[in-house]
Amino acid sequence: MTPDQAREALAGALRTALLVVPCWTEPDVRQPDGTPLPKYSCGTDRQLPAAGRMFRPPLLARLFSSNARRIRLVVDESGLWMHQPGGTVCHVRYDEVVGVEVDGESRVVFGRNSCFIPLVSDLFPDAAPAVAAVDAAVPESLRYPVSALQATD
């Protein structure tokens, strides 16, 4: 492969790439024409489904944190829904998953619509059934291990 072929392959992949960086990291990554890559955005007009299994943060966290009292995770046959502390609801359908970060028993599920839903044991300690649903519904080829690299300040 020549350098030009490698450059063309990378430029073509950027149109569909999923770039995952640590929270509060602001990479200056641009498309070949110089325009910035789109940033995280998620729909804000959805409600949680009436059916499905609901998960919440631990009782102790809800006791001391108003944000923890607002968070809800619902898993149904079509995908994952998460009510965020600010009132927005994210939804990732299983057939729209573009990547799943695996960290032991935890998962972060990334959707085509730029939403992501954390199934992390600190936030949802009883969510093993949700993790099992993701593992069963999402092809293994879309899963990748969490990076051991840490951001530096």
Side-chain angles (χ1 to χ4, degrees), residues 9-31 35-151:
L10 179 60
L14 282 177
R15 287 187 284 279
T16 59
L18 171 65
L19 177 63
V20 179
V21 297
C23 292
W24 306 287
T25 301
E26 293 286 335
D28 186 20
V29 181
R30 299 182 177 273
Q31 297 185 45
T35 58
L37 292 177
K39 292 190 180 199
Y40 166 80
S41 66
C42 196
T44 60
D45 58 345
R46 300 184 190 101
Q47 299 294 319
L48 289 174
R53 183 160 179 192
M54 182 179 293
F55 300 90
R56 298 180 69 191
L59 181 59
L60 188 61
R62 295 192 316 257
L63 181 65
F64 291 106
S65 169
S66 61
N67 283 341
R69 288 190 290 273
R70 293 185 194 108
I71 295 173
R72 305 278 190 290
L73 169 70
V74 175
V75 179
D76 68 11
E77 67 280 348
S78 69
L80 307 169
W81 305 74
M82 185 169 171
H83 186 273
Q84 307 274 3
T88 61
V89 176
C90 294
H91 177 220
V92 177
R93 294 178 47 90
Y94 294 131
D95 61 356
E96 293 182 348
V97 171
V98 296
V100 177
E101 185 176 86
V102 177
D103 185 7
E105 298 302 313
S106 297
R107 306 287 184 270
V108 179
V109 180
F110 296 90
R112 182 180 301 149
N113 61 353
S114 297
C115 281
F116 68 94
I117 297 181
L119 299 176
V120 295
S121 56
D122 289 345
L123 188 56
F124 303 110
D126 62 343
V131 170
V134 168
D135 288 350
V138 177
E140 191 171 340
S141 62
L142 294 177
R143 296 181 221 152
Y144 62 92
V146 67
S147 173
L149 299 176
Q150 299 295 315

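Side-chain contact check for Ile71 versus Pro85: some heavy-atom pair is nearer than 4.5 Å. Side-chain contact between Arg56 and Arg72: present, with at least one pair of heavy atoms (C-beta onward) separated by less than 4.5 Å. Side-chain contact between Asp103 and Pro145 is absent, with no heavy atoms from C-beta onward closer than 4.5 Å. Phe55 places a side-chain heavy atom less than 4.5 Å from the side chain of Val75.
A salt bridge between Arg107 and Asp135 is present, with a side-chain N of the basic residue lying under 4.0 Å from a carboxylate O of the acidic one.
Summarising the geometry, atom SG belonging to Cys90 is positioned 11.0 Å from atom CG belonging to Leu73; distances are rounded to the nearest 0.5 Å. Here the straight-line distance linking atom CE of Met82 with atom CG of Leu119 works out to 8.5 Å at 0.5 Å rounding. Here the straight-line distance linking atom CZ of Phe110 with atom CD of Glu101 works out to 5.5 Å at 0.5 Å rounding. How far CG of Leu80 is from NE2 of His91: 7.5 Å, rounded to the nearest 0.5 Å.
When all heavy atoms are compared, the tightest approach of Pro118 to Leu123 is CG-CD2, 4.3 Å. Closest approach of Tyr94 to Ala137, counting heavy atoms only: CG-CB, 3.5 Å. The shortest heavy-atom contact between Val97 and Leu142 is O-CD1, 3.4 Å. The heavy-atom pair separating Arg62 from Ala68 by the smallest distance is CG-O, 3.7 Å. Nearest heavy-atom pair, Ser106 versus Val120, reported as atom, atom and distance to 0.1 Å: OG-CA, 3.5 Å.
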Item to check | Evaluation steps, side-chain contact (heavy atoms from CB on, under 4.5 Å), between Trp81 and Val89 | outcome: CA-CA 7 Å; Trp81 305 74; Val89 176; 4.1 Å; yes

Item to check | Criterion side-chain contact (heavy atoms from CB on, under 4.5 Å) on Val100 and Val108, from CA distance to verdict | outcome: CA-CA 6 Å; Val100 177; Val108 179; over 6 Å; no

Checklist entry - Does the side chain to side chain donor-acceptor pair (under 3.5 Å) test come out yes or no for Ser78 and Asp76, once each step is laid out? => result CA-CA 6 Å; Ser78 69; Asp76 68 11; 2.8 Å; yes

